[in-house]
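Written below as structure tokens is the structure these notes are about.
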Amino acid sequence: MSSSDSPRFDMKAFANTLVEDIENNRIKLPTLPAISLEALLVVNDAGSSMADVARIVSKDTSMAARLVRYANSPLYRGVNTVSSVKAAITRIGFDAVKNAILSLAMRDVFTTAFKPIQARMEALWKHSVDVAAKATVLASHFPHLNKDEAMLAGLIHDVGAIPVLIKAAEYPVLLEKEENLDKVIDKLHMPIGKFLLSRWNFDPGLVDVAANHDKLDRVPKGNMVDYVDIIQVANILSHKGNESRWTEVDINDNLACIRVGLDLISHLENRTEEDDSESELSSMLN
């Protein structure tokens, strides 16, 4: 069969099938650990206390250790090191612990047992962690933004690529050539990410990040820097030096970069003392 006779990949049909599969639970997506879901239910209960959350988290030694490490990270580090779950939650604060639990549980979402896409999934997680660490440092310069939410935004910004990768396992034409898979992910990961996070009842600001972070021509609403701006800038910084369309972005013309501040971006690009914080945050998430 000549190349002209080869069946053409129908991206629209692929996208429609993927959405239908998600809606009807026909595609096995990674989920948050049960202990995380249980803890989130407690956090969302107006009648719950820090002690209630600590009791749930303490049932899982791995999650408990992660939360204590989170409380001792550059995000919340205090004079003394905390060593208990209750002390960790007290330091983080009840209002912020939801984002902390989601961030710490997100690693388990970026997993697959299917070897042909395992390397892609690992690379996706590594990139998400890097963006999350950079976004956290960026957000710390804006009092109206929350560092925990910026970190979570970085971890979930590309979450729409996960269902695409899983579904791609059924299409040899996507697995045989990296560029084919790249094109499909680039085209679909934002609308799929928006759809997925909406189904998971994530906050609207985080859904907006998944839906718009790659729109380099985006015209933001309002005058204040938002999480989409932060993630877009973190993405640009994360891709610096590799071969992608992001390396061609002129920060002097990008609206998100201008809003965040060219001096701040230059400051972060030039390897400052904040690199230690960024490295620690990446290590904690990994």
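These numbers come from a predicted model, not from an experiment. Because only heavy atoms are used, hydrogens play no part in the values below, and waters and symmetry mates are left out as well, while side chains stay in.
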Is the side chain of [X] donor-acceptor paired with the backbone N or O of [Y] at a distance under 3.5 Å, no angle test?
X: Asn44; Y: Leu40; answer: yes
X: Ser140; Y: Val137; answer: yes
X: Asp10; Y: Ala13; answer: yes
X: Ser48; Y: Val42; answer: yes
X: Arg259; Y: Met224; answer: yes
X: Asp229; Y: Ala256; answer: no

Side chains of Lys59 and Ile35, heavy atoms from C-beta outward: is any pair under 4.5 Å?
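Answer yes - side chains close enough.
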Greater than 12 external heavy atoms within 6.0 Å of Asn24's CG:
yes
Are more than 12 heavy atoms, taken from residues, nucleotides or ligands other than Lys167, located less than 6.0 Å from that residue's NZ atom?
yes
Would you confirm whether the ring centroid of His127 sits within less than 6.0 angstrom of the ring centroid of His157?
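They qualify: ring centres under 6.0 Å apart.
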For residues Glu278 and Lys134, report the shortest heavy-atom separation together with the two atoms involved.
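So the minimum-distance heavy-atom pair works out to OE2-NZ, 2.7 Å.
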Under the salt bridge (Lys or Arg N to Asp or Glu O under 4.0 Å) test, which residues partner Arg199, sequence neighbours left out?
none
